[in-house]
*Asks:* 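So that we are looking at the same thing, I have put the structure below in structure tokens.
In listed order, ligands and their atoms are each counted from 1.
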Amino acid sequence: MIPYGRQDITEADIDAVVSVLRSDFLTQGPVVPRFEEKLARKVKVEHAVAVNSATSALHIACLALELGPGDILWTSSITFAASANCALYCGAKVDFVDIDPNTFNISPIKLREKLEVAAKAGRLPKVVVAVHMCGQSCDMRAIHALGQEFGFAIIEDASHAIGGQYLGTPIGDCRFSDITVFSFHPVKIITTAEGGVATTQDARLAERMRLLRSHGISREPSQLTRSSEGPWYYEQLALGFNYRMTEIQAALGVSQLDRLDDYVAIRHRKAQAYSELLAGLPLDTPWLHPDTYSAFHLYVVRLDIDAIGKPLGLLHEQMRAAGIAVNLHYIPVPMQPYYTGMGFDATEWPEACRYYRCAMTLPLFPTMQEVQQIKVAATLRTILEGGNSTQ
Ligand SMILES: *Cc1c(COP(=O)(O)O)cnc(C)c1O
């Protein structure tokens, strides 16, 4: 089976992990700060806070922005559930914004429309989570301008997008946001097995997130509210969590980060190859906005289902039967039973629903071989042209 995504682990990665295993610290040692510093330099940001997943990073990012009961967070209707769940963890409410059909990102036009309605009803969001679908940046300039106008904070969910750029600077530099979050799950651009980072230019937000990732406990003299009672002394200042990244994970991250630019360049070459291999088929290949340099985490095609005359489910089944693990990123979050149970009705986000009826993620990962890519394209061609390929 050709997977839709897969990690690449080199001998250098293995050596880095083994050297941590032979060292004194498996957690809370020198490698996590090294990973944070290296990543911060890479994405040109002041502060990077490493945690055990992007989901944890989203949670403490929301808390640092003081999202809580009575507040509302908005995010894209097409994203992984974690981009929305973080609001509920904080006791806040969540709502969704429709997508731009060309980029699959949150539509700034739909966002403005919804903000104008919400302003009249006195239900403006406190935080908007902008998700860089497939690794391509959202229209951050427009979203930031709306944030200034309507008074919300911005988190970039860049789980797909490390190594990408927007208007010539790295995603993660928070030029148009308060906090950016990355994921290092094995299917993402680089991996630490499980892991995430939150970046920010704001020292106060960084300090808050560092506190929350480790039980709300601090030993920093500048943060203590009383004088130290001895060398053991620390204070719990907030209700935090154990969201720490281990030294083992950070060592893998430090090593993987060396190859980030190569990985993204390879993804671009393979995306270009797909565009050529898929020419003439009844589908749209990814549209790239001129302001962005995508990290190309996902290669999503939109199939012309009406012209093809077969249901999307059957096309996905036929690809899988041929040994190609195509996928669909994502089911609109408000369509999930957990969210319909809260009263959401996905027909409120028509572009998200249209996307969900025609999308297919084709395999794309750095170690994918040329023959595998040719097989994916040839199989899709056969299936779309009416055959029921079994090869
Ligand atoms: C993968 C992903 C997450 C969650 O990342 P974890 O590190 O697995 O917690 C959040 N948002 C998006 C858009 C993702 O793709």
*Asks:* For Gly195, state whether at least one heavy atom is located under 4.0 Å from any atom of ligand 1.
*Replies:*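 Contact present.
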*Asks:* Check the side chains of Gln256 and Asp13 for a donor-acceptor pair under 3.5 angstrom, ignoring hydrogens and angles.
*Replies:*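 A pair is found: one side chain offers a donor N or O, the other an acceptor, under 3.5 Å apart.
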*Asks:* Among all protein heavy atoms, pick the one closest to atom 10 (C) of ligand 1 and tell me residue, atom and distance.
*Replies:*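 The protein heavy atom lying closest is Ser159 OG, 3.4 Å.
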*Asks:* Tell me which protein heavy atom sits closest to atom 9 (O) of ligand 1, plus the residue, atom name and distance to 0.1 Å.
*Replies:* Thr55 OG1, 2.5 Å
*Asks:* Looking only at protein heavy atoms, which one is nearest to atom 11 (N) of ligand 1, and what is the separation?
*Replies:* Asp157 OD2, 2.7 Å
*Asks:* Pick out which of Val301, Leu362, Val376 makes a side-chain contact (heavy atoms from CB on, under 4.5 Å) with Val326.
*Replies:* Leu362
*Asks:* Based purely on interatomic distance, does Tyr330 place a nitrogen or oxygen under 3.5 Å from a nitrogen or oxygen of ligand 1?
*Replies:*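 It does: an N or O of Tyr330 is found under 3.5 Å from an N or O of ligand 1.
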*Asks:* In the protein, which heavy atom is nearest to atom 15 (O) of ligand 1, and how far is it?
*Replies:* His160 NE2, 2.7 Å
*Asks:* Under 4.0 Å from a heavy atom of Ser53: give me the atoms of ligand 1 that qualify, with their elements.
*Replies:*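 Here the atoms of ligand 1 in question are 7 (O), 9 (O).
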*Asks:* Mind checking whether Ser183 has an N or O less than 3.5 Å away from an N or O of ligand 1?
*Replies:*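 Yes, at least one N or O pair falls under 3.5 Å.
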*Asks:* Counting only N and O atoms by type, is there a donor-acceptor contact under 3.5 Å from the side chain of Ser214 to the main-chain atoms of Leu211?
*Replies:*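 Answer holds: no.
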*Asks:* Is it the side chain (CB and beyond), the backbone, both or neither of Ala54 that lies under 4.0 Å from ligand 1, heavy atoms counted?
*Replies:* both
*Asks:* Return the closest protein heavy atom for atom 1 (C) of ligand 1 as residue, atom name and distance.
*Replies:*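 Here the closest protein heavy atom is Lys188 NZ, 1.5 Å.
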*Asks:* Side chain or backbone of Phe182 under 4.0 Å from ligand 1, or both, or neither, by non-hydrogen atoms?
*Replies:* neither
*Asks:* Under a 3.5 Å distance rule, please check whether Thr361 uses its side chain to pair with a backbone N or O of Leu298 as donor and acceptor.
*Replies:* no
*Asks:* With a heavy-atom distance limit of 4.0 Å, tell me whether Thr79 approaches ligand 1 through its side chain, its backbone, both, or neither.
*Replies:* side chain
*Asks:* Are Glu149 and Arg112 close enough for a salt bridge, meaning some N to O gap below 4.0 Å?
*Replies:*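 Here Glu149 pairs with Arg112 in a salt bridge, since their nearest N and O are under 4.0 Å apart.
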*Asks:* Membership question, hydrophobic clusters at under 4.5 Å side-chain separation (ILVMFWY): are Val333 and Val128 in the same one?
*Replies:*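 Different clusters.
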*Asks:* Does atom NZ of Lys38 have more than 12 heavy-atom neighbours from other groups under 6.0 Å away?
*Replies:* yes
*Asks:* Quick one: do Lys42 and Ile162 satisfy side chain to side chain contact (heavy atoms under 4.5 Å, CB included)? Show the steps, please.
*Replies:* CA-CA 10 Å; Lys42 185 76 203 164; Ile162 194 164; over 6 Å; no
